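It should be emphasised that the depicted structure is a prediction, and the values quoted were computed from it without experimental measurement.
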Amino acid sequence: MTASDPKLILLFSGKRKSGKDYVTDLIQKRLSPKLCCILRLSAPLKEQYAQEHGLDFEELLGAGKYKEQHRAEMIRWGERRRQKDPGFFCRMAVCGASQPMWIVSDCRRMSDLQWFWSEYPQQCVCVRVEASEQTRAQRGWRFTAGVDDAESECGLDQDVDFDWTIRNDGDVTFLDRQLQGLLSLARERTMEHQYTQYSIKSNGQ
């Protein structure tokens, strides 16, 4: 393991409006951005798609109607790119990441997991975020053909042994309790990094 390699990678997946971003943002706040960064596989996909189609990249990053108008075609375009190179967006997403812990907030396909498993076999932990359809509907989800029945939503519904499953139906106290184990694991894995940084700072004074 080189100095730039992460000590821990949390690979998150879940349905639309299950609250993946909320949960991953919460973990980062608990640990601090110095220790962990959030990587989104959809960010390089959207950036590349925007460039090739003359679209507004910042709008595609948002959660509004603009992204929804382009979502189905963007999914199809992304699938074609992955068929040629399954690790294309994964490599782009991790480029420049230097924190000891990475949180990949939006794994959607088996090829995403397989790339990380292959590149970082000792560091990966798979986490599934789940919420009921009623909860997701309250957050704005509506079934959309070509999106909710596509691989980008269903690719990890089966054949994955998740290390952790997080229920996220709106009970903040219950959610916080569920995260304690993950936070403990993260602190344990990054303890060596924190000690090294403290020693460097102390020796520099």
Side-chain angles (χ1 to χ4, degrees), residues 1 5-43 61-63 90 93-94 97-110 112-117 119-143 147-148 152-198:
M1 182 183 293
D5 279 339
K7 307 293 185 183
L8 176 65
I9 305 174
L10 300 184
L11 301 171
F12 274 82
S13 71
K15 299 289 192 180
R16 287 200 300 140
K17 299 299 182 180
S18 62
K20 297 185 297 295
D21 288 337
Y22 176 78
V23 172
T24 53
D25 286 347
L26 193 59
I27 292 174
Q28 187 186 46
K29 288 177 183 176
R30 295 279 195 274
L31 296 172
S32 92
K34 289 183 179 180
L35 280 182
C36 67
C37 61
I38 295 177
L39 307 177
R40 294 183 170 88
L41 302 183
S42 61
L61 285 177
C90 296
V94 305
S98 59
Q99 287 90 332
M101 175 177 163
W102 299 352
I103 301 174
V104 184
S105 67
D106 58 349
C107 295
R108 295 179 179 278
R109 300 159 183 80
M110 187 62 75
D112 296 336
L113 299 184
Q114 288 171 339
W115 186 86
F116 280 98
W117 288 339
E119 296 293 320
Y120 306 96
Q122 303 302 318
Q123 297 102 310
C124 294
V125 173
C126 293
V127 186
R128 183 73 166 181
V129 179
E130 295 185 347
S132 68
E133 287 195 0
Q134 180 180 0
T135 298
R136 293 166 60 211
Q138 290 170 353
R139 295 170 180 163
W141 173 77
R142 296 292 183 275
F143 180 86
V147 173
D148 291 292
S152 59
E153 283 296 307
C154 305
L156 299 178
D157 286 358
Q158 300 175 9
D159 302 323
V160 180
D161 249 344
F162 291 103
D163 300 294
W164 298 78
T165 299
I166 304 294
R167 291 294 311 181
N168 182 33
D169 282 304
D171 186 332
V172 178
T173 302
F174 180 55
L175 175 61
D176 203 52
R177 285 204 304 269
Q178 294 177 84
L179 294 180
Q180 291 310 307
L182 272 179
L183 293 172
S184 295
L185 174 65
R187 293 184 180 110
E188 178 185 328
R189 292 282 187 94
T190 58
M191 191 177 297
E192 178 186 344
H193 172 84
Q194 295 178 66
Y195 177 77
T196 302
Q197 294 300 307
Y198 176 77

- Message: Rounded to the nearest 0.5 Å, what separates atom CD in E188 from atom CG in L183?
- Response: 13.0 Å

- Query: Taking atom CG of L179 and atom OG of S184, what is their separation to the nearest 0.5 Å?
  - Reply: 10.5 Å

- Message: Donor-acceptor check, side chain of Q28 to backbone of T24, threshold 3.5 angstrom: yes or no?
- Response: no

- Query: CD1/I27 to CD1/I166 distance, rounded to the nearest 0.5 angstrom?
  - Reply: 7.0 Å

- Query: When you measure from the side chain of D25 to the backbone N and O of Y22, does any donor-acceptor pair fall under 3.5 Å?
  - Reply: no

Can you give me every donor-acceptor pair (side chain of residues 9-19, partner residue at least two apart or in another chain, under 3.5 Å) with its distance?
unit_1, atom_1, unit_2, atom_2, d
S13, OG, R128, NH1, 3.1
K15, NZ, E153, O, 3.0
K15, NZ, D157, OD1, 3.2
K15, NZ, D157, OD2, 2.7
R16, NE, D148, OD1, 3.2
R16, NH2, R142, O, 3.2
R16, NH2, D148, OD1, 3.3
R16, NH2, D148, OD2, 2.6
S18, OG, K15, O, 2.7

- Message: To the closest 0.5 Å, what do you measure between CD (E119) and CG (D5)?
- Response: 10.0 Å

- Message: Under the criterion salt bridge (charged side-chain N to carboxylate O under 4.0 Å, His left out), I'd like the reasoning laid out for D176 against R30: C-alpha separation, chi angles, the key distance, then a yes or no.
- Response: CA-CA 10 Å; D176 203 52; R30 295 279 195 274; 2.6 Å; yes

- Is any side-chain heavy atom of W115 less than 4.5 Å from a side-chain heavy atom of V94? yes

- Query: Where do C126 and D163 come nearest, in terms of heavy atoms and distance?
  - Reply: N-OD2, 2.7 Å

- Okay, side chain of E130, backbone of T165: is any donor-acceptor separation there less than 3.5 Å? no

- Take atom CD in Q138; do more than 12 heavy atoms of anything else shown fall under 6.0 Å from it? yes

- Message: Is the shortest side-chain heavy-atom distance between W117 and M110 below 4.5 Å?
- Response: yes

- Item | Heavy atoms of other groups near Q180 CD, more than 12 under 6.0 Å | yes

- Closest non-hydrogen atom pair between A186 and L8, with its separation: CA-CD2, 3.7 Å

- Message: Tell me the closest heavy-atom pair linking A93 and L39, and the distance in Å.
- Response: O-CD2, 3.6 Å

- Applying side-chain contact (heavy atoms from CB on, under 4.5 Å) between P100 and each of K7, R189, Q123, report the one that passes. K7

- Note on the structure: Taken to the nearest 0.5 Å, the spacing of R108 CZ from K20 NZ works out to 5.0 Å

- Query: Do any N or O atoms from the side chain of D106 and from the backbone of R40 form a donor-acceptor pair under 3.5 angstrom?
  - Reply: no

- Message: I need the minimum non-hydrogen distance between F116 and C90, along with the two atoms involved.
- Response: CE1-SG, 3.9 Å

- Message: Return the CZ to CZ distance between F143 and R136, rounded to the nearest 0.5 Å.
- Response: 10.0 Å

- Got L26 and L175 here, is their nearest side-chain heavy-atom distance under 4.5 Å? yes

- Message: For a quick test of reading the model, state the closest non-hydrogen atom pair linking D21 to S105 and the distance between them.
- Response: OD1-OG, 3.8 Å

- Ignoring hydrogens and angles, tell me if any N or O in the side chain of D169 forms a donor-acceptor pair with the backbone of T135 under 3.5 Å. no

- Residues two or more places apart in sequence or in another chain: which of them pass ring pair (Phe, Tyr, Trp, His ring centres under 6.0 Å) with Y120? W102

